Amino acid sequence: MTADTLDTTTGAAASEAATEIRTIRERIDEIDQALIDLWLERARLSQEVGRTRMASGGTRLVLSREREIVERFREALGADGTQVALLLLRAGRGPL
Ligand SMILES: C=C(O[C@@H]1C=C(C(=O)O)C=C[C@H]1O)C(=O)O
């Protein structure tokens, strides 16, 4: 394989690189699936907390707790962390 015969699925120009990329992609796919599963589990748990709290006569949301979560993600991941946390929170309790 040479630079003018790129592997179509990996985009690599050498077969060793294509093999390495395929191996790394397997782990990336595992990580993505774990993220999806955790995302969905978190949303379900968040909804359960909301239902439990409202059934007790409490509020739907607790903004101080949401601020803590946004801050945790911002500290760990920077500005992108803020965006991830906002999407994560929305997945559980819907848009504000
Ligand atoms: C899940 C909760 O309820 C809501 C959803 C939150 C979340 O998804 O993390 C956080 C705060 C609340 O607005 C909670 O209070 O823990």
Side-chain angles (χ1 to χ4, degrees):
M1 202 183 299
T2 65
D4 46 327
T5 58
L6 296 181
D7 179 69
T8 51
T9 54
T10 63
S15 56
E16 298 77 13
T19 301
E20 187 180 342
I21 289 168
R22 274 189 214 101
T23 301
I24 295 170
R25 280 184 178 177
E26 281 177 22
R27 182 63 189 139
I28 288 175
D29 287 346
E30 285 175 3
I31 291 169
D32 287 351
Q33 190 57 55
L35 288 169
I36 290 167
D37 292 345
L38 288 170
W39 186 281
L40 293 173
E41 182 184 1
R42 190 193 192 287
R44 278 194 298 271
L45 292 170
S46 176
Q47 286 157 12
E48 192 180 330
V49 170
R51 275 195 304 274
T52 302
R53 189 165 42 236
M54 285 199 289
S56 79
T59 56
R60 185 165 78 92
L61 306 178
V62 176
L63 294 180
S64 58
R65 168 74 175 160
E66 296 202 5
R67 272 195 296 275
E68 277 174 24
I69 290 166
V70 172
E71 185 56 15
R72 182 189 305 154
F73 276 78
R74 192 195 62 74
E75 278 178 12
L77 304 173
D80 286 353
T82 301
Q83 297 307 311
V84 169
L86 293 174
L87 288 171
L88 209 46
L89 291 167
R90 193 174 71 175
R93 51 100 169 103
L96 287 175

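Quick caveat, the model's predicted, so the values are computed rather than measured.
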### Query
Checking side-chain contact (heavy atoms from CB on, under 4.5 Å) for the pair Asp29/Glu26: CA distance, chi angles, key distance, verdict?
CA-CA 5 Å; Asp29 287 346; Glu26 281 177 22; 5.9 Å; no

### Query
What heavy-atom pair brings Ile69 and Ala85 nearest, and what distance separates the two atoms?
O-CB, 4.3 Å

### Message
Hydrophobic clustering (ILVMFWY, side-chain heavy atoms < 4.5 Å, transitive) - are Leu40 and Leu38 grouped together?
### Response
no

### Message
Taking Trp39 as the starting point, is it possible to reach Leu77 by hopping between hydrophobic residues whose side chains are less than 4.5 Å apart?
### Response
yes

### Task
Give a yes or no on whether a salt bridge exists between Arg44 and Glu41, defined as a side-chain N under 4.0 angstrom from a carboxylate O.
no

### Message
Tell me whether Val70 shares a hydrophobic cluster with Leu87, the cluster being built from Ile, Leu, Val, Met, Phe, Trp, Tyr side chains joined at under 4.5 Å.
### Response
yes

### Query
Hey, does Ile21 have a side-chain heavy atom less than 4.5 Å from the side chain of Arg25?
yes

### Task
Side-chain contact test, heavy atoms from C-beta onward, threshold under 4.5 Å: evaluate it for Asp37 versus Gln33 and give yes or no.
yes

### Task
Would you list the pairs meeting salt bridge (Lys or Arg N to Asp or Glu O under 4.0 Å) in which at least one residue belongs to residues 46-68, sequence neighbours left out?
Arg65-Glu68, Glu66-Arg93

## Note on the structure
Taking every heavy atom of Ala43 against every heavy atom of Ala91, the minimum-distance pair comes out as CB-O, 3.6 Å

### Message
Any side-chain to backbone donor/acceptor pair from Ser46 onto Arg42? Under 3.5 Å, distance only.
### Response
no

### Message
If I take atom OG1 from residue Thr82 and atom CD from residue Glu75, how far apart are they, to the nearest 0.5 angstrom?
### Response
10.0 Å

### Query
Going from OG1 on Thr59 to CE on Met54, what distance comes out if it is rounded to the nearest 0.5 angstrom?
9.0 Å

#### Entry: Within 6.0 angstrom of Glu20 CD, more than 12 heavy atoms from elsewhere
no

### Summary
Of all heavy-atom pairs linking Arg22 and Thr10, the shortest is CG-CG2, 3.9 Å

### Task
Taking the side chain as every heavy atom from C-beta outward, state whether Leu96 and Leu61 have any atom pair closer than 4.5 Å.
yes

### Hydrophobic cluster identity match, Ile28 and Ile31, side-chain contacts under 4.5 Å
no

